[in-house]
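Taking it in order: structure first as structure tokens, then the write-up.
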Amino acid sequence: MAKFYFDDDADLSALEGSLVGIIGYGNQGRSQALNLRDSGITPLIGNLDDAYAEQARKDGFDPRPIPEVAGRANAVFLLIPDEVQPQVYRDMIHAHLKPGNLLCFAHGYNIQFGFIEPPAFVDVVMIAPRMLGRGVREAFVKGVGFPSLIAVQQDYSQKALARTLALSKGIGSTRMGVLMSSFEEETVIDLLGEHQPALYALRAEYEALVEAGYSPEAILLDLYASGESAVWAQAAADLGSFDRMKLASHTAQFGHLVWAQRQFDPERTRERLRTMIQDIKSGIFTREWTEEQRTGLVRLQQVWAQNRAHPMMEAEERLYRILGRRRIPAKKTVR
Ligand code: NDP
């Protein structure tokens with residue numbers, strides 16, 4: 001049974017005399033910084049001097065160049081995109097680290113696959129929120145907190161766990177509970193979730209229903225555009241994945257629980273998942289993703305273009321215009 005830690009297990013005094021630095025003021029960086037400040041730990045923000053830095057200033061912080069933050073802070077959160085972390089670490093952080101500093105990651109990837117190799121004289125820990133950046137702030141403000149997976153990879157100070165728990169409390173995570181994990185466990189579980197072909201299954205369902213003669217708009221509303229699926233996902237979080245079915249009609253229960261089971265091949269699925277896990281653990285996925293980045297994200301751009309040109313996206317555009325739905329700009333798409 002994995003071990004959980006809550007507010008009572010964490011003591012902010014483990015950070016006494018420490019300056020906390022947050023590198024990056026994006027999804028996670030901004031929310032975690034605001035939460036820390038509201039917990040009485042005002043962090044120093046490290047960012048390039050651009051729009052994100054401007055946001056930090058608007059929020060009342062005084063963003064500084066990244067090397068300065070790496071040199072002044074005792075505990076440094078690395079909250080920039082995973083694919084740029086190795087270079088930023090090499091160029092702006094590594095040389096500034098001092099014995100006893102703590103480096104905190106929000107995802108295990110770069111440590112697990114050796115893209116970042118911190119010196120032996122720092123603590124290397126992880127606090128990986130199981131929550132989008134926006135939710136990290138919202139859950140803190142509501143006072144409910146959000147869960148995180150934590151890990152201690154390197155414990156130079158002999159106080160790495162106490163410091164990690166204090167930081168977890170500061171960002172509001174021990175309110176709900178943090179789970180002792182490892183960089184490997186967090187990385188494998190996270191990547192496996194991202195490798196599921198759910199988007200393509202959704203698209204195939206759309207294609208089959210259109211082929212059967214039904215209206216794209218009616219299909220999209222049912223699949224996800226109404227927002228019902230978000231309520232359904234929340235019901236799983238609140239009640240449990242199967243127990244949420246008690247909210248559904250008996251017809252829906254018979255469909256989801258009995259009829260759908262016939263379409264499901266557990267052995268084939270498990271075999272496929274075993275291979276996927278192996279491809280992550282062995283580094284096959286990582287090698288391909290690294291090569292993709294090295295060659296300018298060409299395949300990713302091609303697949304974006306294919307998806308944008310798919311009739312489902314065109315129908316979605318029409319439907320969202322009719323509904324007056326504001327679509328959030330896809331900040332992370334490949335441009
Ligand atoms: P974002 O994409 O929101 O990061 C944006 C920040 O990174 C900005 O401050 C941006 O500043 C900075 N940045 C981007 N490129 C560079 C660069 N080349 N050099 C220096 N700074 C750069 O990141 P997330 O918050 O999404 O992710 C941060 C970490 O959190 C990752 O490890 C991720 O895996 C993890 N995580 C993210 C979750 C999420 O909800 N998004 C959930 C759980 C974990 P500027 O553009 O000014 O340089």
Side-chain angles (χ1 to χ4, degrees), residues 21-36 43-59 61-70 76-94 96 103-113 115-116 118 124-140 145-151 153 164 167-168 171-173 176 178-179 181 183-195 280 285-286 289 293 296-297 328-335:
I22 293 205
I23 310 287
Y25 202 71
N27 297 314
Q28 289 293 331
R30 178 171 188 240
S31 293
Q32 295 194 26
L34 292 171
N35 294 358
L36 278 168
L44 187 61
I45 309 298
N47 209 91
L48 303 178
D49 196 12
D50 65 2
Y52 288 99
E54 196 42 46
Q55 179 65 54
R57 271 189 282 275
K58 274 194 203 137
D59 291 338
F61 292 107
D62 177 22
R64 310 298 308 159
I66 294 172
E68 180 184 326
V69 175
V76 176
F77 282 85
L78 206 48
L79 297 177
I80 58 179
D82 297 296
E83 61 271 28
V84 304
Q85 283 181 12
Q87 196 184 344
V88 170
Y89 173 81
R90 257 193 317 274
D91 297 348
M92 303 189 214
I93 297 177
H94 183 82
H96 303 278
L103 263 183
C104 182
F105 293 82
H107 182 24
Y109 190 87
N110 282 312
I111 291 292
Q112 177 58 24
F113 292 111
F115 293 110
I116 294 180
V124 180
V125 307
M126 178 183 77
I127 305 173
R130 298 299 83 181
M131 183 61 75
L132 292 173
R134 194 170 63 175
V136 162
R137 181 60 182 160
E138 286 169 2
F140 182 91
F146 54 90
S148 296
L149 300 191
I150 63 166
Q153 176 90 356
T164 306
L167 291 167
S168 302
I171 65 170
S173 197
M176 186 166 279
V178 298
L179 165 72
S181 179
F183 279 67
E184 178 186 343
E185 180 176 78
E186 191 274 340
T187 303
V188 174
I189 293 174
D190 193 66
L191 291 181
L192 186 68
E194 292 168 1
H195 294 183
I280 294 169
F285 166 75
T286 303
W289 170 221
Q293 292 170 66
L297 304 181
I328 298 166
K331 172 171 104 47
K332 285 197 171 175
T333 59
V334 179
R335 288 172 288 238

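In listed order, ligands and their atoms are each counted from 1.
- Here is the list of ligand 1 atoms found below 4.0 Å of a heavy atom in G26: 3 (O), 5 (C), 6 (C), 8 (C), 9 (O).
- Relative ring orientation between H195 and F285 is described as tilted, the plane-to-plane angle lying within the 30° to 60° band.
- Atom numbering of ligand 1 starts at 1 in the shown order; those under 4.0 Å from a heavy atom of V88 are 19 (N), 20 (C).
- Not one N or O of Y52 is nearer than 3.5 Å to an N or O of ligand 1, by distance alone.
- Of all atoms in ligand 1, listed by their number and element, those nearer than 4.0 Å to a heavy atom of M131 are 40 (O), 42 (C).
- Counting heavy atoms closer than 4.0 Å to ligand 1, residue L132 contributes atoms from both its backbone and its side chain.
- In summary, the atoms of ligand 1 found under 4.0 Å from a heavy atom of Y25, numbered by their order in the structure, are 8 (C), 9 (O).
- Considering only heavy atoms from C-beta on, L132 stays 4.5 Å or farther from N27 through its side chain.
- Counting heavy atoms only, D50 comes closest to atom 47 (O) of ligand 1 of the residues L48, D50, N110.
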Exercise. Does the side chain to side chain contact (heavy atoms under 4.5 Å, CB included) test come out yes or no for F77 and Q28, once each step is laid out?
Worked result: CA-CA 10 Å; F77 282 85; Q28 289 293 331; over 6 Å; no

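- Remark: R90 pairs with no residue by the salt bridge (Lys or Arg N to Asp or Glu O under 4.0 Å) rule, at least two apart or across chains.
- Residue contacts with ligand 1 for N27 involve both N, CA, C or O and side-chain atoms from C-beta outward (heavy atoms, distance under 4.0 Å).
- Heavy-atom separations between M92 and ligand 1 are all 4.0 Å or longer.
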For this session: Please step through side-chain hydrogen bond (donor to acceptor under 3.5 Å, both in side chains) for the pair Y89 and N110, ending with a clear verdict.
Result: CA-CA 11 Å; Y89 173 81; N110 282 312; over 6 Å; no

Problem set entry | Verdict with reasoning, R57 to D49, per side chain to side chain contact (heavy atoms under 4.5 Å, CB included) | CA-CA 10 Å; R57 271 189 282 275; D49 196 12; 2.7 Å; yes

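- With hydrogens and angles ignored, the 3.5 Å screen pairs a side-chain donor or acceptor of E186 with a backbone N or O of G108.
- Contacts between V84 and ligand 1, counted as non-hydrogen atom pairs separated by less than 4.0 Å, involve the side chain only.
- Short contacts between ligand 1 and Q28, defined as distances under 4.0 Å to a heavy atom of the residue, involve ligand atoms 25 (O), 30 (O), 36 (N), 37 (C), 38 (C), 39 (C), 40 (O), 42 (C), 43 (C).
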Exercise. Can L36 and I22 be said to form a side chain to side chain contact (heavy atoms under 4.5 Å, CB included), step by step?
Worked result: CA-CA 10 Å; L36 278 168; I22 293 205; 3.8 Å; yes

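- Contact annotation: for Q85 versus ligand 1, heavy atoms closer than 4.0 Å belong to the side chain alone.
- Checked by distance only, ligand 1 and G133 come closer than 3.5 Å through their nitrogen or oxygen atoms.
- Of all atoms in ligand 1, numbered sequentially from 1 with element shown, those under 4.0 Å from a heavy atom of G24 are 9 (O).
- Atoms of ligand 1 lying under 4.0 Å from any heavy atom of H107, numbered from 1 in the order shown and given with element: 32 (O), 34 (O).
- For ligand 1, the atoms sitting less than 4.0 Å from at least one non-hydrogen atom of P129 are 43 (C), numbered in the order shown with element in parentheses.
- Residue contacts with ligand 1: A128 is excluded, as none of its non-hydrogen atoms falls under 4.0 Å.
- The residue from I22, D82, I23 that puts a heavy atom closest to atom 31 (C) of ligand 1 is D82.
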